[in-house]
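Worksheet for the structure shown next.
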2 protein chains.
Amino acid sequence: MVRRDDMRYRLRASVIKAMAHPSRLQMLEALEAGELCVCELQRIVGSDISTVSKHLSVMKAAGLVEDEKRGLQVFYRLRVPCVLGFLECVEAVLESRTASGEVACLV
Amino acid sequence: MVRRDDMRYRLRASVIKAMAHPSRLQMLEALEAGELCVCELQRIVGSDISTVSKHLSVMKAAGLVEDEKRGLQVFYRLRVPCVLGFLECVEAVLESRTASGEVACLV
DNA sequence: GCCTTAATTGGCTATTTGGCAAAATAGAAG
DNA sequence: CTTCTATTTTGCCAAATAGCCAATTAAGGC
């Protein structure tokens, strides 16, 4: 028995969770400039191609990106442009974190 | 051996990860109106008090919230007000998700 | 048809996370 | 100093996640 509210927070969390990974953030940022093929994204993040593909499928399922196959390649692009805008806020959190003398390596 | 860039994305991801949980989102939203004690937050999310405390410590470590003990109670408040602003964007993602006919229960 | 390149999927393991319960800590009040 | 209440910490277990490798699928070129 799941309350209506629970579902709302779960949905939101599912989107945020799909962003909550270094490689995925890096890919999202790279996609800000326009669509990229998987092979290009792989060069950018430097992980195994299967790992990159899995990350992309997570973000696709969350609605962050969409894909299109053209020839041999699959191109991914951001689905909602504002996605990266909120990183400014994340930076603000990080700044307030270091400003108050906390170690920067708290990862 | 960690590249400088890696660290940047890891730091960002650590902040986002701290938001990526239904209960934590609910608490952040509740804190938008002002500080609340742990006991109140527990009433809101309905989990075990130890679970709530752990969630709060995760968000505190990430720099999302700060705490202050007054008497027997510990009050938590948002550290960076913009934190909730980005939820609008998350909602946009969710809308685009349902708009394109995807099942809403993709949690 | 066969080979090559691009990407996804499945299988496996290691690590992290979430949640409850029990124990520990901290402050207030008697 | 004992007790009560609020919170945190610890221990444990189940579930989810991340990453690599191998196998598979898909599209093109020959």
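Sequence lines set the chain letters: A, B, ... in the order given, protein chains first and strands last, and positions in each chain run from 1. It should be emphasised that the depicted structure is a prediction, and the values quoted were computed from it without experimental measurement.
The side chain of B:Ser50 sits closest to D:dT9 out of D:dT9, C:dG27, C:dT8. In this structure, of D:dT7, D:dT17, D:dC20, it is D:dT7 that holds the atom nearest to the side chain of B:Cys39. Checking C:dC20, D:dT17, D:dG19 against every side-chain atom of B:Asp48, the shortest atom distance belongs to C:dC20.
Expressed to the nearest 0.5 Å, how far NZ of B:Lys17 lies from NZ of A:Lys17 amounts to 11.0 Å.
Close to D:dA6, at under 4.0 Å from its OP1 or OP2, lies no side-chain N or O of B:Lys69. Regarding contacts with the backbone of C:dT16, every side-chain N or O of B:His21 stays at 4.0 angstrom or more from both OP1 and OP2. Between D:dG19 and A:Ser47, no contact under 4.0 Å exists linking OP1 or OP2 to a side-chain N or O. OP1 or OP2 of D:dA6 has not a single side-chain nitrogen or oxygen of B:Tyr76 nearer than 4.0 Å. For D:dG19, one of the phosphate oxygens OP1 or OP2 lies less than 4.0 angstrom from a side-chain nitrogen or oxygen of A:His55.
Evaluated for a side chain to side chain contact (heavy atoms under 4.5 Å, CB included) with B:Val90, the options A:Leu64, A:Val80, A:Val15 yield exactly one hit, A:Val15.
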Q. Taking it one step at a time, do A:Leu87 and A:Leu25 satisfy side-chain contact (heavy atoms from CB on, under 4.5 Å)?
A. CA-CA 9 Å; A:Leu87 279 186; A:Leu25 281 180; 4.3 Å; yes
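Using a 4.5 Å heavy-atom threshold, the side chains of B:His55 and B:Gln26 count as separate.
Of all heavy-atom pairs between B:Tyr76 and B:Val38, the closest is CE1-CG2, 3.5 Å. A:Gly63 and B:Val93 make their closest contact through O-CG1, 3.5 Å (heavy atoms, listed as atom of the first residue, atom of the second, distance).
Computed from coordinates, the B:Leu56 CG to D:dT9 C1' distance equals 14 Å when rounded to whole Å. With rounding to whole Å, B:Met59 atom CE is found 14 Å from C:dG18 atom C1'. In this structure, B:Glu35 atom CD and D:dA6 atom P are separated by 17 Å, rounded to whole Å. Rounded to whole Å, the distance from NZ on B:Lys17 to C1' on C:dT15 is 10 Å. Between the CG atom of B:Asp6 and the P atom of D:dG19 there is a distance of 11 Å, rounded to whole Å. For A:Gln42 and D:dG19, the CD to P distance is 13 Å, given to the nearest whole Å. One atom, CD1 of A:Ile49, and another, P of D:dA26, lie 17 Å apart when rounded to the nearest Å. Atom CG of B:Asp67 and atom C1' of D:dA6 are 13 Å apart (whole Å).
Along DNA chain D, the nucleotide nearest A:Ser23 and the nucleotide nearest A:Leu72 are compared for position; the residue whose nucleotide lies closer to the 5' end is A:Ser23. Position along DNA chain D of the nearest nucleotide to B:Ser53 versus A:Gly71 favours B:Ser53 as the more 5'-ward residue.
At a threshold of 4.0 angstrom between heavy atoms, the contacts of B:Phe75 with the nucleic acid are absent. When heavy atoms are screened at a 4.0 angstrom cut-off, A:Arg24 is found touching the sugar-phosphate backbone but no base atom. In this structure, A:Lys54 reaches the bases: a heavy-atom distance under 4.0 Å links it to at least one base atom across the strands shown.
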